[in-house]
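Quick notes on the structure that follows.
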Amino acid sequence: MAGGDSAAVSAVEGRLSELSTNSEEKGLPRRGKSSSGRTLNTAQIQLVASHPEVYEPCDDSFALVDALLSDKAQLLTLKPRLCMEIGCGSGYVITSLAIMLRQLGSGTQYLATDINQHAVETTQATLEAHGVHADVIATDIVSGLEKRLHGLVDVVVVNPPYVPTPEEEIECNGIASSWAGGLNGRQVIDRILPAVRELLSERGWLYMIALEDNDPLDICHLMNEKGYASRVLLKRCTEEESLYVLKFWQDAASGTNASHAARSPRSESSWLSQLPFKSLWHKNA
């Protein structure tokens with residue numbers, strides 16, 4: 001490992017250790033319930049739509065949104081043009097992000113995907129209830145979107161299926177698809193990461209939840225090798241699990257990312273007009 005890579009990973013390792021001893025939070029909300037810390041800067045739990053086959057906002061959802069809130073000033077400075085959530089579930093996270101960045105106006109567009117059609121419909125209802133808009137597409141991770149979105153997404157948020165389960169559970173439909181992560185909870189995560197790297201713009205950021213069982217340090221190692229620096233924004237311990245919110249961004253000092261370097265410049269005036277979200281999935285069905 002090169003000296004720069006080693007230093008970057010050591011920094012993450014130190015941050016993981018620091019958070020383990022200093023930042024544990026107890027007594028967090030149970031599934032589907034709001035913590036007392038929910039504010040008008042996030043989606044309101046009472047307005048989040050629900051369906052028996054869709055994962056409701058829970059500890060991991062709240063942790064991801066709280067991490068985004070902690071980074072809100074940086075997000076506003078970034079002025080992202082396209083934000084995306086992979087695996088939107090109830091729509092709580094993408095709706096919260098849109099509310100946080102509402103002051104950016106029409107300059108920011110939002111997109112969400114989920115393999116569960118019920119989740120797509122639930123997310124749409126949650127967005128409508130809060131008066132914000134995102135295009136929501138039923139697809140597996142980003143299948144069918146890769147070429148259209150290559151290098152265009154400035155912010156990606158992911159609360160992936162991270163629970164260690166038998167491999168066959170990954171193929172389950174409905175709500176099980178929101179948590180079944182296969183061996184070490186990494187099988188879906190390890191499919192998401194390369195897909196996200198292809199979508200992110202050169203200034204793009206990835207925010208992702210990881211369980212301690214997923215080996216977040218190894219995830220940071222893998223991303224570092226592909227040219228991404230990383231930071232642990234938040235660690236949260238519940239009665240059942242230890243959750244990390246990881247942030248990744250391109251860093252010239254971390255590895256080499258040939259695919260990003262080879263990208264051609266994009267047109268600032270026409271890039272969004274080339275994304276026919278309303279009919280996109282139907283064309284690729």
Side-chain angles (χ1 to χ4, degrees), residues 41-43 64-88 91-114 123 127 132-137 139 141-142 144-160 192-209 223-224 226-231 233-234 245-252 254-255 257-277 280:
N41 288 317
T42 68
L64 182 53
V65 167
D66 286 346
L68 292 170
L69 273 174
S70 75
D71 224 30
K72 179 181 176 182
Q74 286 73 26
L75 284 164
L76 289 172
T77 299
L78 180 68
K79 296 181 180 178
R81 287 162 290 190
L82 180 58
C83 299
M84 180 178 189
E85 181 176 16
I86 296 173
C88 52
Y92 173 74
V93 175
I94 191 67
T95 301
S96 294
L97 180 60
I99 290 170
M100 287 179 217
L101 303 183
R102 187 177 255 161
Q103 68 194 73
L104 295 177
S106 60
T108 302
Q109 304 296 318
Y110 301 90
L111 173 64
T113 69
D114 203 292
T123 291
L127 289 160
V132 294
H133 175 76
D135 292 286
V136 190
I137 298 171
T139 187
I141 304 179
V142 295
L145 303 174
E146 301 95 329
K147 292 182 179 179
R148 292 176 174 85
L149 297 180
H150 182 80
L152 296 179
V153 187
D154 292 321
V155 174
V156 176
V157 292
V158 188
N159 182 1
I192 289 173
L193 291 176
V196 170
R197 290 196 299 266
E198 291 302 309
L199 300 188
L200 282 175
S201 67
E202 292 183 359
R203 66 193 191 116
W205 296 344
L206 164 63
Y207 298 86
M208 189 182 78
I209 284 274
M223 291 293 283
N224 185 261
K226 299 297 182 180
Y228 286 83
S230 55
R231 177 186 170 199
L233 286 183
L234 178 150
V245 180
L246 308 175
K247 178 181 178 180
F248 300 95
W249 65 96
Q250 267 198 84
D251 182 9
S254 301
N257 193 338
S259 63
H260 283 284
R263 288 177 186 154
S264 57
R266 63 186 178 185
S267 168
E268 300 296 336
S269 61
S270 62
W271 69 272
L272 189 61
S273 66
Q274 298 172 8
L275 305 176
F277 290 131
L280 189 57

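- The shortest side-chain heavy-atom distance between Leu246 and Ser230 does not fall under the 4.5 Å cut-off.
- In this structure, Thr113 contributes its side chain and Ile86 its backbone to no donor-acceptor pair below 3.5 Å.
- Judged by distance alone, the side chain of Thr108 and the main-chain N or O of Pro80 form a donor-acceptor pair under 3.5 Å.
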Working note: Trp205 + Val156, criterion side-chain contact (heavy atoms from CB on, under 4.5 Å); need CA distance, chi angles, decisive distance, verdict. CA-CA 6 Å; Trp205 296 344; Val156 176; over 6 Å; no

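- At least one side-chain heavy atom of Leu69 sits under 4.5 Å from a side-chain heavy atom of Thr42.
- Of all heavy-atom pairs spanning Ala195 and Ile141, the tightest one is CB-CG2, 4.2 Å.
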For Glu85 and Tyr110: C-alpha separation, side-chain torsions, deciding distance, then whether side-chain contact (heavy atoms from CB on, under 4.5 Å) applies. CA-CA 8 Å; Glu85 181 176 16; Tyr110 301 90; over 6 Å; no

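- No side-chain donor-acceptor contact under 3.5 Å links Asp154 to the backbone of Gly204.
- Taking 4.5 Å as the limit, every side-chain heavy atom of Val158 sits out of range of all side-chain heavy atoms of Tyr207.
- When every heavy atom of Leu152 is checked against every heavy atom of Leu82, the shortest pair comes out as O-CB, 3.9 Å.
- Side-chain N or O atoms of Thr95 include one that pairs as donor or acceptor with a backbone N or O of Gly91 at under 3.5 Å.
- Put simply, CD1 on Ile94 and NE2 on His133 are 10.5 Å apart, with the number rounded to the nearest 0.5 Å.
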Is there a side-chain contact (heavy atoms from CB on, under 4.5 Å) between Met100 and Val65? Walk through the geometry before answering. CA-CA 10 Å; Met100 287 179 217; Val65 167; 3.8 Å; yes

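- Here CG of Asp71 is found 9.5 Å from OG1 of Thr77. Values are rounded to the nearest 0.5 Å.
- One N or O on the side chain of Asp114 and one on the backbone of Cys88 form a donor-acceptor pair closer than 3.5 Å.
- Considering every non-hydrogen atom in both Arg203 and Leu78, the closest pair reads NH1-O, 2.5 Å.
- Of the residues listed (Val153, Val196, Val155, Leu199), the one engaging Leu206 in a side chain to side chain contact (heavy atoms under 4.5 Å, CB included) is Val196, and it is the only one.
- Contact between Leu101 and Leu75 at its shortest, heavy atoms only, is CD2-CB, 3.8 Å.
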Met223 vs Leu193, side-chain contact (heavy atoms from CB on, under 4.5 Å): CA-CA, chis, key distance, verdict: CA-CA 8 Å; Met223 291 293 283; Leu193 291 176; 4.1 Å; yes

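- Between Lys247 and Leu234 there is no side-chain heavy-atom pair separated by less than 4.5 Å.
- Leu200 has its side chain within reach of Tyr228: a pair of non-hydrogen atoms, C-beta onward, lies under 4.5 Å apart.
- By the 4.5 Å heavy-atom criterion applied to side chains, Trp249 and Arg231 are counted as neighbours.
- Closest of all the heavy-atom pairs between Ser201 and Gln250 is O-NE2, 3.7 Å.
- Contact annotation: the side chain of Leu104 approaches that of Lys79 to within less than 4.5 Å [non-hydrogen atoms, C-beta and beyond].
- In this structure a side-chain-to-backbone donor-acceptor pair under 3.5 Å is missing from Gln109 to Gly107.
- Interatomic distance, Lys72 NZ to Leu97 CG, rounded to the nearest 0.5 Å: 10.5 Å.
- Using a 4.5 Å heavy-atom cutoff, the side chains of Val142 and Leu149 are not in contact.
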